[in-house]
2 protein chains.
Amino acid sequence: MKQRTKRRAFPREGHDHADCVASALDAAETRCADRGARLTPLRRRVLEIVWRGHAPVRAYEVLDRLREDGAGAAAPPTVYRALDFLMEHGLVHRIESLNAFIGCDHPDEAHSGQFLICRDCGLVAELDDAEISGVLARKARALGFVDERATVELRGLCPECRGGRG
Amino acid sequence: MKQRTKRRAFPREGHDHADCVASALDAAETRCADRGARLTPLRRRVLEIVWRGHAPVRAYEVLDRLREDGAGAAAPPTVYRALDFLMEHGLVHRIESLNAFIGCDHPDEAHSGQFLICRDCGLVAELDDAEISGVLARKARALGFVDERATVELRGLCPECRGGRG
DNA sequence: GATCGAAATGTTATGATATAACATGACAAT
DNA sequence: ATTGTCATGTTATATCATAACATTTCGATC
Ligand SMILES: [Zn+2]
Ligand SMILES: [Zn+2]
Ligand SMILES: [Zn+2]
Ligand SMILES: [Zn+2]
């Protein structure tokens with residue numbers, strides 16, 4: 001995957017987000033082409049909406065944006081189907097503790113991600129740390145449990161917000 | 001906390017579950033007394049319902065059981081308030097990826113728990129592993145993020161179900 | 001370029017989860 | 001008994017998600 005700019009866990013406030021979006025859409029095109037999946041205009045548009053920022057987006061927010069587009073109608077199944085597709089192909093992740101969705105900035109291979117969620121500003125950073133997934137799989141395995149998918153979501157304060165109030 | 005029987009991550013099918021429930025209710029009484037919290041009959045009953053087994057229970061299932069009790073009416077806020085109380089005092093945990101609740105078998109101190117969820121039989125085992133919480137806090141901290149609460153939920157196959165199908 | 005099957009989207013309805021807002025009741029301290 | 005606090009009851013609604021079926025799109029094949 002081509003990466004136009006160096007990414008940081010929590011992006012700076014003034015960063016070039018148009019570039020984040022462009023990278024994500026490019027990566028999505030590539031990934032879908034590689035996998036023989038069809039990134040239709042609707043799916044592409046939903047991905048773009050999810051990439052509105054670095055905070056998770058809820059399904060009905062996506063729905064509202066689609067409706068603002070005016071073009072076609074839009075109903076919940078439209079949104080959920082597009083999000084399912086995007087998740088299936090690793091382009092977005094679902095944040096279980098927020099019932100919301102966030103774009104993946106490295107949709108390279110199958111991964112469930114680990115998320116740092118700032119309770120103050122709402123920004124989310126994705127990790128994909130092998131040591132974390134390793135220790136989880138190992139501890140589970142020690143109890144005879146086979147880990148297939150890990151949901152890891154940490155809630156707390158991001159560097160910016162921590163600075164603001166100690 | 002008094003522990004009547006040695007617990008295992010995934011309890012045996014034929015174990016004495018009445019003992020699990022009794023221990024949990026005892027521990028809850030003790031913990032609430034210690035903290036000056038009121039474990040009212042309603043809250044106690046909800047806790048008992050959540051402890052129906054070792055699989056998570058959904059809020060509206062709790063509601064249905066309460067209604068079967070007949071006594072008072074019951075509406076969603078009744079259930080959610082009781083569950084909030086129980087969570088606040090560490091007696092139950094919420095499983096975010098299932099929108100469901102499970103009793104805690106070691107409500108000793110504040111902890112968010114780590115959960116192994118069997119996709120086949122639905123049983124859930126709780127871990128409270130310091131190495132896991134340690135590596136999560138450390139990795140987060142390395143990025144300047146302060147972890148306040150970790151949601152860790154692994155989906156996969158428990159020992160019983162793994163045995164059944166390889 | 002017609003036909004066809006599969007995939008995608010549209011459409012309607014409903015199910016499932018959760019909370020807001022306000023009224024009433026229980027209870028202990030004064 | 002009065003008062004304040006906490007708990008619960010009650011009504012309504014917000015929010016999240018899917019079932020079921022109709023229609024459209026689109027590429028593959030003839
Ligand atoms: Zn950005
Ligand atoms: Zn990712
Ligand atoms: Zn048991
Ligand atoms: Zn616990």
Side-chain angles (χ1 to χ4, degrees), chain A residues 28-29 32-33 35-50 55-89 91-102 122 151 153, chain B residues 28-29 32-33 35-50 55-89 91-102 122 151 153:
Chain A
E29 294 282 6
C32 287
R35 306 185 66 178
R38 291 172 56 198
L39 187 64
T40 63
L42 175 64
R43 291 165 173 171
R44 189 184 158 92
R45 175 69 182 128
V46 169
L47 180 58
E48 193 180 14
I49 291 168
V50 169
V57 175
R58 293 171 297 166
Y60 277 70
E61 290 181 317
V62 174
L63 184 57
D64 290 343
R65 293 304 147 274
L66 281 181
R67 284 173 169 161
E68 285 173 1
D69 287 359
T78 300
V79 171
Y80 283 103
R81 285 192 289 229
L83 289 171
D84 284 347
F85 171 88
L86 295 170
M87 283 192 290
E88 184 183 345
H89 295 287
L91 302 170
V92 309
H93 296 288
R94 178 181 162 82
I95 307 294
E96 298 289 351
S97 60
L98 298 175
N99 294 333
F101 302 84
I102 192 159
T151 297
E153 300 173 7
Chain B
E29 294 283 6
C32 287
R35 306 185 66 176
R38 293 172 55 195
L39 187 65
T40 63
L42 175 64
R43 291 163 172 174
R44 190 184 157 92
R45 176 66 182 129
V46 169
L47 181 58
E48 193 181 13
I49 291 169
V50 169
V57 175
R58 291 171 299 165
Y60 278 70
E61 290 181 317
V62 174
L63 183 57
D64 290 343
R65 294 302 146 276
L66 282 181
R67 283 174 170 161
E68 284 172 3
D69 288 358
T78 301
V79 172
Y80 284 102
R81 283 192 289 230
L83 289 171
D84 284 346
F85 170 89
L86 296 170
M87 282 192 292
E88 183 182 347
H89 295 287
L91 303 171
V92 308
H93 296 288
R94 178 181 164 82
I95 307 293
E96 299 289 351
S97 60
L98 298 175
N99 294 333
F101 303 84
I102 192 158
T151 296
E153 301 173 7

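We name chains A, B, ... by the order of the sequence lines, and we start the count at 1 in each one.
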Checklist entry - Got a donor-acceptor contact below 3.5 angstrom from the B/Arg58 side chain to the B/Asn99 backbone? => result no
Checklist entry - Judged by atom type as modelled, is there a donor-acceptor pair below 3.5 Å linking the side chain of B/Arg45 to the main-chain atoms of B/Leu66? => result no
Next on the checklist: Does either side chain, that of B/Glu96 or that of B/Thr151, offer a donor lying less than 3.5 Å from an acceptor on the other one?
Outcome noted: no
Next on the checklist: From C-beta outward on B/Thr40, which listed nucleotide comes closest to its side chain: C/dT12, D/dA17, D/dA7?
Outcome noted: D/dA7
Checklist outcome for this item: Contacts of B/Pro77 and B/Ala37 projected onto DNA chain D by closest heavy atom; the upstream (5') one is B/Ala37
Item to check | Length of the line joining A/Phe85:CZ and C/dT9:C1', which is rounded to integer Å | outcome: 14 Å
Checklist entry - Any sub-3.5 Å donor-acceptor pair from A/Arg67's side-chain atoms to A/Ala74's backbone N or O? => result yes
Checklist outcome for this item: Separation of C/dC22 atom C1' from B/Arg81 atom CZ, nearest Å, is 11 Å
Checklist entry - Could you state the CG-P distance from B/Leu39 to C/dC27, rounded to the nearest angstrom? => result 15 Å
Checklist entry - Taking atom P of D/dA7 as reference, at what distance in whole Å does atom NE2 of B/His89 sit? => result 8 Å
Checklist entry - In whole angstrom, what separates B/Leu42's CG from D/dC6's P? => result 18 Å
Checklist entry - In whole angstrom, what separates A/Leu66's CG from C/dT11's P? => result 13 Å
Item to check | Options D/dT18, D/dT15, C/dA16, nucleotide nearest the side-chain atoms of A/Pro76 | outcome: D/dT18
Checklist outcome for this item: By nearest-heavy-atom nucleotide on DNA chain C, the more 5' of A/Asn99 and A/Pro41 is A/Pro41
Next on the checklist: Just to be sure I understand the rule, does B/Arg43 reach a base, reach only the sugar-phosphate, or reach nothing, if contact means heavy atoms closer than 4.0 Å?
Outcome noted: sugar-phosphate
Next on the checklist: OP1 or OP2 of D/dA17 versus the side-chain N and O atoms of A/Arg94: is any pair under 4.0 Å?
Outcome noted: yes
Checklist entry - With a 3.5 Å cut-off and just heavy-atom distances, do the side chain of A/Arg38 and the base of D/dG27 make a donor-acceptor pair? => result no
Checklist entry - Side chains of A/Thr78 and A/Pro76: closer than 4.5 Å at any heavy-atom pair? => result no
Next on the checklist: Taking donor-acceptor contacts at under 3.5 Å, does the side chain of B/Tyr80 reach the base of C/dA20?
Outcome noted: no
Item to check | Whole-Å gap separating C1' (D/dC16) and CG (A/Leu98) | outcome: 13 Å
Checklist entry - Quick one: A/Phe101 CZ to D/dT15 P, roughly how many Å, whole number? => result 16 Å
Checklist entry - Per the atom types in the model, does the base of D/dA14 pair as donor or acceptor with the side chain of A/Tyr60 at under 3.5 Å? => result no
